[in-house]
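Here is the structure we will look at.
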Amino acid sequence: MAAPPEVSAGPDLAEAGAGDAAVPGGVIHRREGQPFEVHLDVFSGPFELLLGLIAKHKLDVTEIALAKVTDEFVAHIRTAQQAARDWDLSEASEFLLVAATLLDLKASRLLPTQREDDEEDLALIEARDLLFARLLQYRAFKQVATELGERMATVGRIFPRDVGVEDRFSRLLPELVMGVAPEQLAAVAAQAMVPKPPPTVGIEHLHAGHVSVREQAGLVVARLRRQPRCSFRDLVADADSTLVIVARFLALLELFREGVLAFAQDEALGGLDVHWEGPAEGAVGATEIGSEFDEGDPAPAGPGGET
Amino acid sequence: MTQAGTAGGDGTPPSDGAGEEQVAFDINDFPGGARAAIEAVLMVVDEPVTEAALASALELPTEDVAAELEALAEEYTSQHRGFMLRRLAGGWRVYTRSEYAPVVEKFLLGGQQARLTQAALETLAVIAYRQPISRARVGAVRGVNVDGVVRTLLARGLVQEAGQDEESGAVLYGTTDYFLQRMGLDSLDELPPLAPYLPSDDVLEELAAEGHA
Amino acid sequence: MTQAGTAGGDGTPPSDGAGEEQVAFDINDFPGGARAAIEAVLMVVDEPVTEAALASALELPTEDVAAELEALAEEYTSQHRGFMLRRLAGGWRVYTRSEYAPVVEKFLLGGQQARLTQAALETLAVIAYRQPISRARVGAVRGVNVDGVVRTLLARGLVQEAGQDEESGAVLYGTTDYFLQRMGLDSLDELPPLAPYLPSDDVLEELAAEGHA
């Protein structure tokens, strides 16, 4: 499993603390003779990019006319995928989620429908509001972070006197209470020395609910075994929330990586077909599927599937 | 080592002296009085010291100690001293004055102090305002995986583990006293309010109403 | 791992700035002038500072710095401050004024019983089982900078310097007899084996594989 990429580094960002409202419009800025690049050190997430695009087009965040921004966002993702094939999956999924929401929004505006009580419409509104709410929240934290950065560079640029007592007082330091048995010390040492497991990324934060990618993977595998050729639409027909759809999609990606299924898509944005190529029964490493996503679930034993 | 310990500039003894263990000093005997005694203690502390702890050592009422501390802080300022006395992270401590940071940094750190990246600042902000909070939730707010950034903040002592989420078992994070110091804050209550940066309710309502625009 | 505070003790400035970005300050711009800048540095160093080191940091002639130091020392005395500035062992340092020693003692004695923080305990444990070990190695194991914690353990007499790493020249640390005594151990051989507390080999391998993938 690839370590998460350093999403933001570089002292060049320090000046962002100086009120530079960071217009990462430069992010999709085409350099001479170079393809689009993902400048992960310049922006660090879909919200950052989205805010940058919005700023570039001088749109208010609350402005709904996002068609242009949507196009650029999707274009950016496409080039990013080409540029970096080992894009961090958790990050990519976040981008995809934002892109999907934006596309939905755009599509709904292009289609002259007035289906007042259509469930899809409602879901769309929900998705849009969720995206905007998160965007607004992010913007608020971004702005307050600038303020914190300024405090750090001014009033916080102080050093405490931390000199320690003079020798003549050192015998007066309060008696140290150890209260630690040798066995406890051993336990503490062992714990400190065990390599820390790589941090996992949950998707539970995307929505309030909690959907297990592992469970969805099990379900998807069972269905595909019954019906080895199946459209993604069918696979998610019964999904009762966006989160379930996302979880199944992530499960499919994981299974794809396991080499037990193939995707077919005739045209961009067309229907996605899934072909089962795995064994008809038995485990397909499905125990690990989702371990990358399902925060809090007990981690299954056994290494991560590549073996 | 006994002696009359009826301390207190205002005549109120902190305890009724009689029959009690006596202190080996009378605060009024000091040429610099209680103020200088407080200064002396401040020279040896390695963390912010509370008014109560000082009052107990000096056998003075807490209010008197608080007043002396305020007066000392003002004195340092008006005398343009290179250091200052501030109440930060819940207690009083001597700090270098921020104007002299370039000199102190040059001396202590051999140059510039490393600055936080924008990503680290944003992550720090989310943790500060939403603590205790899991990495996953911070990531949700920022729209990106923050594991690496949180590690940086941990290593810099700006955040620390603050328990576990009961449901998910995820580690929760909060800010440290060092964070307060670096922000020049006495407590988290003094963080600049977030509300002005958040959209007003009517904007949100408008958003909601605009569903079928 | 960089270490703060190494400068000055031996009279060498931390860096001479040659080819480096110059620190952006003009001593005359400070409201308190050179004197306040000197005070700022003196307040936070724990080793006596030489005039030469100060002069270099402040970009001032050594004679001027010496004169300011003398003046400061006199000022503290005439103002009946609780601290003083003294030249000892070739360098200048701020000390508590001896008159106030009783107050300082009372304050220190009145302190709560000290417990090791979790960070200190972990660091101590790692040093105990991996000694002799450098601070950097401990930091790598714990995933954080441990300089401050090691200083605490040194001050507490629980660890001590135990040679130098041949390759890197880094100072190595080990535990003291006092540590053994406080743990109720006769020798380090009596430290309980770690094995029962470590996860099984395959779990470890897995962790290692994931961690370094």
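Below, chain A is the first sequence line, B the second, and so on; all start at residue 1.
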Non-hydrogen atoms of [X] and [Y] that approach each other most closely:
{"X": "B:Pro192", "Y": "A:Val144", "answer": "O-CG2, 4.4 Å"}
{"X": "A:Pro46", "Y": "B:Gly143", "answer": "CD-O, 2.6 Å"}
{"X": "A:Ile158", "Y": "B:Met84", "answer": "CG2-CE, 3.3 Å"}
{"X": "B:Arg93", "Y": "A:Arg161", "answer": "NH2-O, 3.2 Å"}
{"X": "A:Leu148", "Y": "B:Tyr129", "answer": "CD1-CE1, 4.5 Å"}

Legend entry - Top of B:Ser98, B:Ala128, B:Pro193 for chain A proximity - count of heavy-atom pairs under 4.5 angstrom: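 It is B:Ser98.
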Inset, instruction - Check whether B:Leu158 gets within reach of chain A through its side chain, its backbone, both or neither, counting any heavy atom under 4.5 Å. - result: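 It is the side chain, since no backbone atom gets that close.
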Inset, instruction - Under 4.5 Å heavy-atom distance to chain A, tell me which part of B:Leu180 shows up: side chain, backbone, both or neither. - result: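 When you check distances to chain A, no heavy atom of B:Leu180 falls under 4.5 Å.
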So how far is it from [X] [atom1] to [Y] [atom2], rounded to the nearest 0.5 Å?
{"X": "A:Arg151", "Y": "B:Leu185", "atom1": "CZ", "atom2": "CG", "answer": "4.5 Å"}
{"X": "A:Phe159", "Y": "B:Arg182", "atom1": "CZ", "atom2": "CZ", "answer": "6.5 Å"}
{"X": "A:Met152", "Y": "B:Phe179", "atom1": "CE", "atom2": "CZ", "answer": "7.0 Å"}
{"X": "A:Phe141", "Y": "B:Thr123", "atom1": "CZ", "atom2": "OG1", "answer": "11.0 Å"}
{"X": "B:Met183", "Y": "A:Glu150", "atom1": "CE", "atom2": "CD", "answer": "11.0 Å"}
{"X": "B:Arg142", "Y": "A:Glu48", "atom1": "CZ", "atom2": "CD", "answer": "7.5 Å"}

Inset, instruction - Heavy atoms only, distances under 4.5 angstrom: which of A:Ala153, A:Pro160, A:Gly156 has the most pairs with chain B? Name it, please. - result: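 That would be A:Pro160.
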Inset, instruction - Using side-chain hydrogen bond (donor to acceptor under 3.5 Å, both in side chains) as the criterion, point out the one residue from A:Gln143, A:Glu147, A:Gln137 that pairs with B:Tyr197. - result: A:Glu147
